[in-house]
Participant: 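Quick one: structure below, then a few questions.
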There are 2 protein chains.
Amino acid sequence: MMPGSTKILDAAQTLFAGKGLDGVSIREIAEAAGISKATVFHHFESKDALYQAVVRRSCEGIGQLLALLAAREDGDPLISLADYRRQDLEETLAHADVVRLVLRELTLGRDEQARRLAEDVFGEHFIHLRKLLEKAQSTGALRHDMDTGIAAASVVSINLFLFLVWPVLKHLPDTPFVRMEDAAESMFALLVDGLRYQAQAAGGKA
Amino acid sequence: MMPGSTKILDAAQTLFAGKGLDGVSIREIAEAAGISKATVFHHFESKDALYQAVVRRSCEGIGQLLALLAAREDGDPLISLADYRRQDLEETLAHADVVRLVLRELTLGRDEQARRLAEDVFGEHFIHLRKLLEKAQSTGALRHDMDTGIAAASVVSINLFLFLVWPVLKHLPDTPFVRMEDAAESMFALLVDGLRYQAQAAGGKA
DNA sequence: CATGGTACTGACCGACCGGTCGGTTGGTCA
DNA sequence: TGACCAACCGACCGGTCGGTCAGTACCATG
């Protein structure tokens with residue numbers, strides 16, 4: 001259909017993810033895509049428009065992934081939750097450049113961009129997770145005295161945190177962080193225990 | 001002593017935090033610092049050297065903060081832990097520009113920079129948290145069958161995640177994320193419950 | 001054949017980049 | 001007084017930036 005602009009988007013995505021908007025020149029992108037600089041402007045009216053297109057396409061990719069993961073809601077919701085988290089990490093690592101790009105976008109603190117991310121992408125992610133958690137609550141697998149939104153955030157925070165801070169973690173002294181998957185599994189297990197917790201010996205919580 | 005370069009560092013820190021290394025020109029920094037561009041190069045031999053100096057100073061600031069927080073290790077380790085996390089969020093918000101700068105540095109995935117961050121700053125942070133957690137284990141407040149490194153990571157991930165993703169979270173549909181402090185408190189409470197969890201009704205975990 | 005639209009390009013532009021240079025202060029010390 | 005020096009500046013450098021434009025090649029239509 002329009003493989004021309006796709007090639008540009010691919011090249012731009014990789015470069016933007018690695019060096020940010022201002023760290024990459026149109027010349028670089030054109031060279032990586034095997035075309036001339038002017039051709040980039042033939043397909044995209046400005047550098048910023050190209051960048052926005054890259055971000056948008058990345059988000060769409062994430063959205064599709066989430067829809068795919070959400071498709072199989074059956075069986076034990078706790079197992080579904082664990083599967084979801086595991087697959088999410090897999091996809092995060094497989095599309096590391098996209099994730100990095102979105103994360104850097106977040107560090108800019110641009111509120112409007114964040115709102116669009118929330119509406120377009122993470123909204124569904126979030127809703128799906130909440131439903132999964134509510135289902136687990138209704139079967140009695142998880143406790144009822146907690147906000148599913150808070151719990152959902154806790155789940156997604158694990159992969160995001162590990163992905164972002166991993167380079168630091170793996171250099172820590174006496175570190176338990178050797179394989180990211182293992183670390184994520186351990187943190188998730190800890191969280192699930194918190195989600196199952198019923199006030200026992202010590203004072204109860206509202 | 002040397003307020004000249006300090007003024008430059010202050011201006012550069014704010015600008016770099018907001019727009020990244022490549023998004024800021026020396027002219028901008030000079031103007032913000034109220035000096036000429038040439039004077040910037042009188043104090044720093046290159047733009048990159050200035051950027052590194054900003055990052056280094058930011059990290060030192062974080063290190064001092066941590067030393068301060070670590071100073072008061074007394075009483076209930078669980079309360080210390082909660083205080084620690086609360087103060088950490090306060091400081092994170094108070095020095096948002098520094099944190100953003102370091103976070104953006106992390107999105108670049110530069111391994112050497114990350115190693116330095118790990119050695120210079122987060123190493124102590126991490127060790128202190130682990131000690132606190134071990135102490136809590138020894139008093140029986142927290143369970144023993146978990147890695148304190150994993151637990152420490154879970155603690156620091158809360159503030160970091162909320163700080164980074166907050167603009168998205170607060171725009172989510174039917175969101176429980178209204179005040180960041182409250183959300184952090186809730187996530188922390190959930191985590192602590194996981195840390196206290198003793199296998200009960202359902203099957204036990206190794 | 002002409003016509004028209006799309007993909008694409010090299011040459012070019014003004015603005016701005018990081019960085020340098022010669023020179024001017026104002027303070028310190030002998 | 002004069003020598004010295006860090007701090008500072010305006011002017012300038014080569015080079016790169018994002019962006020423009022006239023023109024070419026190609027491939028459909030008629």
Side-chain angles (χ1 to χ4, degrees), chain A residues 1-58 97-98 100-102 104-105 107-108 110 112-113 116, chain B residues 1-58 97 100-102 104-105 107-108 110 112-113:
Chain A
M1 306 306 171
M2 45 190 318
S5 60
T6 302
K7 245 194 327 185
I8 299 174
L9 283 169
D10 288 341
Q13 176 175 304
T14 303
L15 288 167
F16 281 146
K19 304 198 277 181
L21 172 60
D22 298 306
V24 181
S25 71
I26 299 285
R27 280 172 180 82
E28 248 178 300
I29 294 169
E31 195 173 341
I35 56 173
S36 79
K37 181 168 67 98
T39 302
V40 175
F41 285 100
H42 174 75
H43 291 276
F44 301 92
E45 69 173 359
S46 68
K47 185 186 187 181
D48 200 67
L50 170 57
Y51 183 72
Q52 294 299 332
V54 169
V55 172
R56 203 175 314 121
R57 198 185 62 157
S58 300
D97 56 345
V98 177
R100 243 191 276 277
L101 196 137
V102 173
R104 184 163 326 104
E105 204 61 35
T107 66
L108 295 178
R110 300 232 308 96
E112 194 186 346
Q113 189 90 267
R116 276 181 41 201
Chain B
M1 304 307 172
M2 44 190 317
S5 60
T6 302
K7 245 192 332 185
I8 299 174
L9 283 169
D10 287 342
Q13 176 174 303
T14 303
L15 289 167
F16 281 145
K19 304 198 276 183
L21 171 61
D22 298 306
V24 181
S25 71
I26 299 285
R27 278 175 179 81
E28 247 179 301
I29 294 168
E31 197 173 340
I35 56 172
S36 78
K37 180 167 69 96
T39 302
V40 174
F41 284 102
H42 173 72
H43 290 275
F44 301 92
E45 70 171 0
S46 70
K47 187 185 187 183
D48 199 67
L50 169 58
Y51 183 72
Q52 294 299 332
V54 168
V55 172
R56 204 175 313 123
R57 200 186 60 157
S58 300
D97 55 345
R100 243 191 276 277
L101 194 138
V102 173
R104 180 160 331 101
E105 203 61 35
T107 66
L108 295 177
R110 300 233 307 96
E112 195 186 345
Q113 189 89 269

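For clarity, every value in this text was computed on a predicted model and none was experimentally measured. In what follows, every chain begins at residue 1, and chains take the letters A, B, ... in the order their sequences are listed.
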Participant: Would you say A:H43 places a side-chain N or O within less than 4.0 Å of OP1 or OP2 belonging to C:dC8?
Facilitator: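 Yes, A:H43 has a side-chain N/O under 4.0 Å of OP1/OP2 on C:dC8.
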Participant: Identify, residue by residue, the members of residues 15-26 of chain B with a heavy atom below 4.0 Å from DNA chain C, and return them in order of residue number, or none.
Facilitator: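 Listed by number, they are B:V24, B:S25, B:I26.
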Participant: Atom CZ of B:F44 to atom C1' of D:dA6: distance rounded to whole Å?
Facilitator: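 After rounding, the gap between these two atoms is 15 Å.
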Participant: Quick one: does B:R104's side chain have a donor or acceptor within less than 3.5 Å of a partner on B:A17's backbone?
Facilitator: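 Yes.
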Participant: Under the side-chain contact (heavy atoms from CB on, under 4.5 Å) test against A:F16, which residue among A:L50, A:V98, A:D22 passes?
Facilitator: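 Between A:F16 and the candidates, side-chain contact (heavy atoms from CB on, under 4.5 Å) is satisfied uniquely by A:L50.
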Participant: Should B:E105 and B:Y51 be marked as a side chain to side chain donor-acceptor pair (under 3.5 Å) after you check the CA-CA gap, both sets of side-chain angles, and the distance that decides it?
Facilitator: CA-CA 11 Å; B:E105 203 61 35; B:Y51 183 72; 2.3 Å; yes
Participant: Determine the minimum heavy-atom distance between B:V40 and B:I8, stating which atoms define it.
Facilitator: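 Smallest interatomic distance, heavy atoms only, reads CA-CD1, 4.1 Å.
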Participant: To the nearest Å, how far apart are A:F41 CZ and C:dC12 P?
Facilitator: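 For the pair A:F41 CZ and C:dC12 P, the rounded distance is 18 Å.
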Participant: Could you tell me how far apart A:E31 (CD) and C:dG10 (P) are, to the nearest whole angstrom?
Facilitator: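 Value for this atom pair: 12 Å.
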Participant: I want to check one thing: is the phosphate of C:dC8, taken as OP1 and OP2, less than 4.0 Å away from some side-chain N or O of A:H42?
Facilitator: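 For A:H42, the contact criterion (side-chain N or O under 4.0 Å from OP1 or OP2 of C:dC8) is not met.
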Participant: Side-chain N or O of A:T39 versus OP1/OP2 of C:dC8: is the shortest distance under 4.0 Å?
Facilitator: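 Result: no.
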Participant: Output the rounded distance in Å from NZ (B:K37) to P (D:dC8).
Facilitator: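 Computing the B:K37:NZ to D:dC8:P distance gives 16 Å.
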Participant: Do you know which two heavy atoms are closest between B:S46 and B:F41, and how far apart they sit?
Facilitator: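 Scanning both residues, the minimum pair turns out to be CA-CE2, 4.1 Å.
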Participant: Looking at B:K19 and B:E28, does any basic side-chain N land under 4.0 Å from a carboxylate oxygen?
Facilitator: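 Yes, B:K19 and B:E28 are salt-bridged.
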Participant: Can you name the nearest heavy-atom pair linking B:K47 to B:S25, along with the distance?
Facilitator: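 Heavy atoms of B:K47 and B:S25 come nearest at NZ-CA, 4.5 Å.
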Participant: Rounded to whole Å, how long is the line connecting atom CD1 of B:I8 with atom C1' of D:dA7?
Facilitator: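 It is 10 Å, rounded to the nearest whole Å.
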Participant: Quick check for you: among C:dG19, C:dT20, C:dC8, whose closest atom lies nearest to any side-chain atom of B:K47?
Facilitator: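 The listed nucleotide nearest to B:K47's side chain is C:dG19.
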Participant: Does D:dT16 have OP1 or OP2 sitting under 4.0 Å from an N or O in the side chain of A:R27?
Facilitator: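 No, no such contact exists.
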Participant: For B:K7 and D:dA7, what is the distance between atoms NZ and C1' respectively, to the nearest whole Å?
Facilitator: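 Interatomic distance, NZ of B:K7 to C1' of D:dA7: 11 Å.
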Participant: Nearest of D:dT20, C:dG19, D:dG10 to any side-chain atom of A:A38?
Facilitator: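 For A:A38, the side-chain atoms sit closest to D:dT20.
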